[in-house]
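This report refers to the structure that appears directly beneath it.
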Amino acid sequence: MIYSQSNSEIIFSNNASDEIKNIIKSSKGKVFILADDNTFRHCYPNLMASLTENPPIFCLTPGEQHKHIDSVVKVWEFLNSNGADRKSVLINLGGGVICDLGGFAASTFKRGIDFVQVPTTLLSQVDASVGGKTGINLNSYKNEIGCFSFPKKVIIDTNFLKTLDFENMLSGYAEMIKHAFISGEDYYNELKKLEFTEGKIDYNSLLEMVKHSIKIKENVVLADPMESGLRKILNFGHTVGHAFESFYMGTPNEISHGKAVAYGMAIELYLSHKKAGFAKDKLTESIDYLNKIYGKLKFQKSDYERLVELMKHDKKNEAASINFTFIQDFGKPVFDQTAVKEEIIEGFEFYCGF
Ligand SMILES: NC(=O)c1ccc[n+]([C@@H]2O[C@H](COP(=O)([O-])OP(=O)(O)OC[C@H]3O[C@@H](n4cnc5c(N)ncnc54)[C@H](O)[C@@H]3O)[C@@H](O)[C@H]2O)c1
Ligand SMILES: [Zn+2]
């Protein structure tokens, strides 16, 4: 497989509209926009603020269930019926669903046209905007179909986040805390200074933190583009996190991906302490911080067995061993680690009694 290294330009801006204006001016082909109903309502007016022309726009119904091949076909048909050619550019205005799906639709239309990502959720700004992964789900298999393909540009404007609900803010913030655990205590302390409370977020300070998180992910991805090793450090919190996410999926207690990762990190910090030497005082301080932001997840002894089973069935695991990334300290992640059922249960007990 030929892997094209990232040549995306990431633009941090307080005025995404001006950036789009420049893209339209310099584009050799026709420009198109993909949004969903929410980003059309909340983000599109700001995006168009300094524009004199309106590029053709297509809106999808919001939601993970629409990250589906049927939506891709609709986007291809929209491009095709509006005269898109190989020089055309697709601007994806939305969260991870629109960016993943739009990136995939653009990468496959006429064997690939340029696309620009304008991520409008915190999760898509700090996570989905870096790494070149595009794709869709296949039935219940997440991101089963897709390709590595890098956008021409990524425009990061935290002003879009002002209309995002707090649950989605919390979801993205968990990935930022993860970046701090794997990259170093300085960033962790910076994040802690940010008041992450509903209605009190300073979007300018947040932009600086988002920049930092993107840099961390970018460095990891550049060091391991084929996902053969180091990139696994980005999975910190995700082994237990995915189990929590699946456990509550479809129930009234459903939790977002990021929230599940936050709870997963708490358990994996315990395992990091137990198995990789993460200091006890840092463990208690970190779990305190996670609890302050995310509250405590309430689950029962009788849930332990199923949670461990869910981890065993995670695609990253061979046979009975469960794979983890641990941290020896802030900024000292170790991947390809394992823990057995008894140790994981000890982690649950520690968390529940914390
Ligand atoms: N490509 C990658 O590397 C990568 C990394 C992480 C996650 N992802 C993918 O990202 C997806 C999740 O992304 P997400 O959390 O952004 O979900 P999402 O795209 O579904 O957005 C969440 C909700 O917020 C709404 N919304 C978006 N921006 C808004 C705004 N500014 N104001 C108000 N509402 C807004 C959306 O319409 C949606 O209802 C998953 O499909 C996941 O697989 C991809
Ligand atoms: Zn994640």
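Just so you know, ligand 1 is whichever comes first in the structure, and atom 1 is the first atom listed for that ligand. Along the sequence shown, the residues carry numbers beginning at 1.
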**OP:** Report yes or no: does Glu144 contribute a side-chain atom to a donor-acceptor pair with the main-chain N or O of Asn137 at less than 3.5 Å?
**Re:** no
**OP:** Answer yes or no for Leu161: is there a heavy-atom contact with ligand 1 below 4.0 Å?
**Re:** no
Subject >> Phe12 six-ring face occupied by Lys211 cation (under 6.0 Å, within 45°) >> reply: yes
Original post:
What protein heavy atom sits nearest atom 39 (O) of ligand 1, and how far off is it?
Top reply: Asn38 ND2, 3.1 Å
**OP:** Starting from atom 8 (N) of ligand 1, find the nearest protein heavy-atom neighbour and note its residue, name and distance.
**Re:** Asp100 OD2, 3.8 Å
**OP:** Examine Lys162 relative to Tyr203 and say whether NZ or CZ is less than 6.0 Å from the centre of the six-membered ring and inside a 45° cone about the ring axis.
**Re:** yes
Original post:
Between Lys217 and Glu175, is there a salt bridge with N-O shorter than 4.0 Å?
Top reply: no
Original post:
Among protein heavy atoms, which lies nearest atom 2 (C) of ligand 1, and at what distance?
Top reply: Ala128 CA, 3.5 Å
**OP:** Could you list which atoms of ligand 1 come closer than 4.0 Å to a heavy atom of Asn143?
**Re:** 43 (O)
**OP:** Look at the rings of Phe326 and Phe324 and say which category their plane angle falls in: under 30° parallel, 30 to 60° tilted, over 60° perpendicular.
**Re:** parallel
Subject >> Structural part of Asp37 in contact with ligand 1, heavy atom criterion under 4.0 angstrom >> reply: neither
**OP:** Answer side chain, backbone, both or neither: which part of His257 comes under 4.0 Å from ligand 1, heavy atoms only.
**Re:** neither
Subject >> Near the Zn ion (ligand 2) (under 2.8 Å) - protein N, O or S atoms >> reply: Glu175 OE2, His238 NE2, His257 NE2
**OP:** Under 4.0 Å from a heavy atom of Lys217: give me the atoms of ligand 1 that qualify, with their elements.
**Re:** 3 (O)
Original post:
Does a sphere of radius 6.0 Å around NZ in Lys87 hold more than 12 heavy atoms from other residues, nucleotides or ligands, not counting ones at 6.0 Å or beyond?
Top reply: no
Original post:
Just wondering, are more than 12 heavy atoms of other shown residues or ligands nearer than 6.0 Å to NZ in Lys275?
Top reply: yes
Original post:
When the ring planes of Tyr351 and Tyr263 are compared, do they come out parallel, tilted or perpendicular, using 30° and 60° as the limits?
Top reply: perpendicular
Original post:
Nearest to atom 17 (O) of ligand 1, what protein heavy atom do you find, and at what distance?
Top reply: Gly96 N, 4.1 Å
Subject >> Mutual orientation of the aromatic rings belonging to Phe244 and Phe348 [parallel < 30°, tilted 30-60°, perpendicular > 60°] >> reply: tilted
Original post:
Which ligand 1 atoms does Lys142 reach within 4.0 Å, using its non-hydrogen atoms?
Top reply: 40 (C), 41 (O), 42 (C), 43 (O)
Original post:
If you draw a 6.0 Å radius around NZ in Lys152, do more than 12 non-hydrogen atoms from other residues or ligands fall strictly inside?
Top reply: no
Original post:
Would you call Glu64 and Lys142 a salt bridge, taking side-chain N to carboxylate O under 4.0 Å as the test?
Top reply: yes
**OP:** With heavy atoms of Asp36 as the reference, note each atom of ligand 1 found under 4.0 Å away.
**Re:** 36 (C), 37 (O)
**OP:** Under 4.0 Å, heavy atoms only, figure out whether ligand 1 is touched by the backbone of Thr39, its side chain, both or neither.
**Re:** side chain
Subject >> Identity and separation of the nearest protein heavy atom to atom 20 (O) of ligand 1 >> reply: Val97 CG2, 3.4 Å
Original post:
Applying a 4.0 Å heavy-atom criterion (strictly less than), which segment of Pro62 is in contact with ligand 1: side chain, backbone, both, or neither?
Top reply: side chain
Subject >> Near-ring test His257/His238, centroid separation under 6.0 angstrom >> reply: yes
Original post:
Any idea which of Asn159, Leu234, Leu122, Leu164 brings a heavy atom closest to atom 26 (N) of ligand 1?
Top reply: Leu164
Original post:
Under 3.5 Å between some N or O of ligand 1 and some N or O of Cys43?
Top reply: no
Original post:
Hey, are Lys67 and Asp100 close enough for a salt bridge, meaning a charged N less than 4.0 Å from a carboxylate O?
Top reply: yes
**OP:** Show which atoms of ligand 1 fall inside a sub-4.0 Å distance from at least one heavy-atom site of Lys67.
**Re:** 9 (C), 40 (C), 41 (O), 42 (C), 43 (O)
**OP:** Before signing off on this row, confirm whether Thr120 and ligand 1 have an N or O atom pair separated by under 3.5 Å.
**Re:** yes
Original post:
Would the His212 and His179 ring centres measure less than 6.0 Å apart?
Top reply: no
Original post:
Should the ring pair Tyr188 and Phe330 be called parallel, tilted or perpendicular, given that the plane angle runs from 0 to 90° and is split at 30 and 60?
Top reply: tilted
**OP:** Report the nearest protein non-hydrogen atom to atom 15 (O) of ligand 1: residue, atom name, distance rounded to 0.1 Å.
**Re:** Leu123 CD2, 3.3 Å
Original post:
Which protein non-hydrogen atom lies closest to atom 23 (C) of ligand 1, naming both residue and atom, and how far is it?
Top reply: Asn168 ND2, 3.7 Å
**OP:** Sort out for me which residue in Lys280, Lys292, Lys192 forms a salt bridge (Lys or Arg N to Asp or Glu O under 4.0 Å) with Glu285.
**Re:** Lys192
Original post:
Which atoms from ligand 1 have a heavy atom of Thr121 less than 4.0 Å away?
Top reply: 14 (P), 16 (O), 21 (O), 27 (C), 28 (N)
Original post:
Hey, which atoms in ligand 1 end up nearer than 4.0 Å to a heavy atom of Thr163?
Top reply: 30 (C), 31 (N), 32 (N), 33 (C)
**OP:** For ligand 1, note which part of Thr134 has a heavy atom under 4.0 Å away: side chain, backbone, both or neither.
**Re:** neither
Subject >> Phe58 six-ring face occupied by Lys74 cation (under 6.0 Å, within 45°) >> reply: no
Original post:
Counting only heavy atoms not in Lys282, do more than 12 sit closer than 6.0 Å to its NZ atom?
Top reply: yes
Original post:
Are any of the N or O atoms of Glu64 closer than 3.5 Å to those of ligand 1?
Top reply: yes
Subject >> Polar proximity ligand 1 side, Asp165 side, N/O cut 3.5 Å exclusive >> reply: no
Original post:
How far apart are the closest heavy atoms of Glu343 and Leu271, and which atoms are they?
Top reply: O-CD2, 3.5 Å
Original post:
Between His42 and ligand 1, which residue portion shows a heavy-atom distance shorter than 4.0 Å: side chain, backbone, both, or neither?
Top reply: side chain
